[in-house]
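Take a look at the structure below.
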Amino acid sequence: MVSVLEAPATRPQGLRPSRGYRVFQVFNGVALTLVVVLTLFPFGNILARSFSGEHEIRSGQVSLLPRGFNLTTYRIVMSDAMFWTNYRNTVVYTVVATALALALTTCYAYVLSKRQLKGRGLLVAIAVFTMFFNGGLIPNYVLVSSLGLRNTLWAIVLPNAINVFNLLVMKAFFESMPTELEESAAVDGTGTYGTLWRIVLPLSKAVLATMLLFYAVAFWNSWFPGFLYMDRQELFPVTVYLRNLIAGATGGADQTAASDTALQIGANIQAVTIVLTMLPILLVYPFIQRFFVSGVMLGAVKG
Amino acid sequence: MVQLSRRQLLAAAGAAAVAGLAACSDGDSDSGNLDGKRAGAMDGFKAGDQFKATEPLKFSIMLLSNQAYPYKADWPFWAELTKRTNVTLEPVAVPGSDYNQKRSVMVSAGNAPLLIPKTYHPSEEAYIAGGAILAVSDYADLMPNYTDKVNRWNLKANLDTYAQEDGKYYLLPGVHEGVWQDYSLAMRSDILTKLNLAVPKTWDEVASTLREMKKAYPNQYPLSDRWSTPPQPGGNALISIVGQGYGVNAGWSWNPAFWDANAGKFAFTGATEQYRQMLQYLAGLVSEKLVDPESFTQTDDNARQKFASGKSFVMCCNAQTLVKEARKDIAKLPGATVTKIPLPMGPMGASLPPDNRLENGLMISRKALENKNFVALMQFVDWLWYSDAGQMFSRWGIEGETYSGKVEDASFKLDPKIKWSGLNPGAAKDLQVDYGFSNGVFAYGGSTAMLNSQFSDEEKVFQAEMHKREIRPVPPGHPLTVEEREQATLQEAALHDHVDQQTLKFILGQRPLSEWDAYVAELKGKGLDQYVGTMNKAYERFKEKK
């Protein structure tokens, strides 16, 4: 978003910017800065909390700078073996699921982008149907259980391997690619797979990067399939660990035994866990973002 | 290829469905005959006996993994349990944050472990129609410790409130010998001393105490409360304990059925005079600016922040949050001290509601009945959850290792190197985190002596005060039929929703209490009379059967 500000190349060259345009720019700058502050503030706050003392957080002294600075909480959280086990799970689930999802979505989308394909409408309809209707929680659970996928990586990977929205974006992207490229490849003697592999995919880096980011972020953040299909703690993704730490801490509904559950986890422990959990996926962004910005736009307009 | 007509297909589908139904319903002949299900069980197992399976057994259990002491497979609890009972539990660990959801899915999908603990009445009712849950009342005779405690502690009437229309109940609740009142107000005792105020005994005295505090600190709200998470109206603990004083189950102890002993019939809690009086009291506190209006909407964190920074002096608490949260939070305020005051009394005087003698409990999967170890399973459950020895074990662990002495003669002492709640606060190890004892899944209920053993000295004083109070009689049972319940649940949801919304409006002064009659009329428009009628019809039926 901010890159729009830094790239005034769209301004007509050689002309003095009009007054209205300058007013717009100032206004735009202020508005966008505000948005940036609004998005960054909670992040900064969590970061500050993670380095602060429990008491300082409780008494509301921490906003953007740590108070009662300490690293003890980091040491405590990082010394919890289960945290790292779950963390490793998240990494494994995300990598496998993203790779598979990317492969399957690409294949499906590429096929669907071919206008000469017979039954193409039906294939699209099948995919789109799942966007609007699904079996519901319990049937899905029964299905996954009876396929023997429970407590395996596949329970997380397979049911979410094709996201229909992503599929349609990719399909539109492939459709917008000039058919002449593929025709000339065919003339030079490549088969279907060769065309996909040597011609189409190298030209699709933008959409691939976008899909990679979409899928990776979604899998990294997802907690529900892990929670639902995994029966053992050592199989949970770290998001379930985190959720239990945060959401579970405020369950006060059960009165009589509430002494047991109404206890809260230290606010600093919550903050540290949040920071550690979002860090890796956050670090991916800068590297993919330049593809990302152009990628989401791609396929949006057909012509 | 054979062509099937549409009619033939339909007939085939119908036949398949009938066969499926027949297959489902063949389990009905289960009660009574337990031959072939006694493998591993003890002969002549009776109350007070140590249960030990005659062969090694394994039972699956759904285990709520509490965020404060997440499940560990190497807790000494597991090994010692197997050593004593020859039973190995195989836990399905479920994060406490979403325990109920996973329980619903697993039970509905027929995939639940044999033992399903941590279930609060009436949530077990949702599973009855599906047939996945065992009617445990049919097998109470296999559980000598349980029956013994129910009889000795006079819990029959309490259990009646758990019964369904067929007279059976499906949840094995935690049972308490006495009423355990845990919640009350935490008050800054240093402020009381400074302003020369006595600890208030009644809710009216609480109001005048808050007034004095307000006089001394005119810019602050003396009471700012926590526990406002939906779905209840907000200020759930506060409304609950004030409601107790006025004789209604409100806030998070909400119970729509109000037993009017004089009239001999049920009324709807949210439309009673008692409820109105309670609202009037709370609305008065808010309008005098003695209670922070945000009490009913803010997060626990915010409420604790206000208390921690000295912006408020009073909030709801229980024994654990007093020690682990409130007291810790104010540690850095110079001279600040906090105490849990004896639960203030209302118009109901020195009495406590009877509801708290049953606690969350255990459901057993119906498929356990097909297990050849069924009898042993019931005996095991009986020993671990209901025998004195089992309760002592799950709460305090191993004698000589984690504790010494007895709870009965108050010689009990937790090992000084182990901490738990308010006991041995400086110790290196934690009874729950490091040992797996005092786990909410296993340790609850029990005798008053047992309960007292877990209290710090200040809590013992509080409890002694509470035990002076009379326990109000248990309202009679009024079990609904399946059809009635379906209808009543819908009506109750609409009524409850309206009560919650309007409760908040009345308390915050957005709606004057002079509109009470209009409010009751609104409830009538939402099926109040029908709902109350259903409850009273059920009660009449119940009375006849007795």
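What's counted below: heavy atoms across the whole structure, side chains too, no hydrogens, waters or symmetry copies. Chain identifiers are assigned alphabetically (A, B, ...) following the order of the sequence lines, protein sequences preceding nucleic acid strands; residue numbering begins at 1 within each chain. Note that the coordinates shown come from a computational prediction; the quantities given were computed from them, not determined experimentally.
- Atom-to-atom distance recorded for A/M82:CE and B/S65:OG is 8.5 Å, nearest 0.5 angstrom.
- Of the two parts of A/L228, the backbone and the side chain both hold a non-hydrogen atom closer than 4.5 Å to a non-hydrogen atom of chain B.
- Heavy atoms only, all atoms of each residue included: A/V142 and B/A109 are closest at CG2-CB, 3.6 Å.
- Interface summary for chain A: among B/P91, B/A93, B/A308, the most heavy-atom pairs under 4.5 angstrom belong to B/A93.
- Only the side chain of A/F236 comes within contact range of chain B, judged by heavy atoms closer than 4.5 Å.
- The contact between A/M230 and chain B is made entirely by backbone atoms, counting heavy-atom distances below 4.5 Å.
- Rounding to the nearest 0.5 angstrom, the gap separating the CG atom in B/N111 from the CG atom in A/D231 is 7.5 Å.
- More than 12 heavy atoms of other residues, nucleotides or ligands shown are found within 6.0 angstrom of NZ on B/K72.
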Q: Tell me, with the steps shown, if A/W223 and B/D98 meet side-chain contact (heavy atoms from CB on, under 4.5 Å).
A: CA-CA 11 Å; A/W223 65 277; B/D98 302 272; 3.6 Å; yes
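- Rounding to the nearest 0.5 angstrom, the gap separating the CZ atom in A/R232 from the CG atom in B/L63 is 14.0 Å.
- Between chain A and the residues B/H176, B/K311, B/M106, B/K306, the largest count of heavy-atom pairs under 4.5 Å involves B/M106.
- The CD atom of A/E234 sits 7.0 Å away from the OH atom of B/Y71 when rounded to the nearest 0.5 Å.
- Interatomic distance, A/L137 CG to B/S108 OG, rounded to the nearest 0.5 Å: 8.5 Å.
- Around CZ of A/R67, the count of heavy atoms belonging to other residues, nucleotides or ligands within 6.0 Å does not exceed 12.
- Contact annotation for A/Y141: only side-chain heavy atoms (C-beta onward) come within less than 4.5 Å of a heavy atom of chain B.
- Taking the side chain as every heavy atom from C-beta outward, A/R243 and B/P95 never approach each other to under 4.5 Å.
- Nearest heavy-atom pair across A/Y229 and B/K102 is N-NZ, 4.4 Å.
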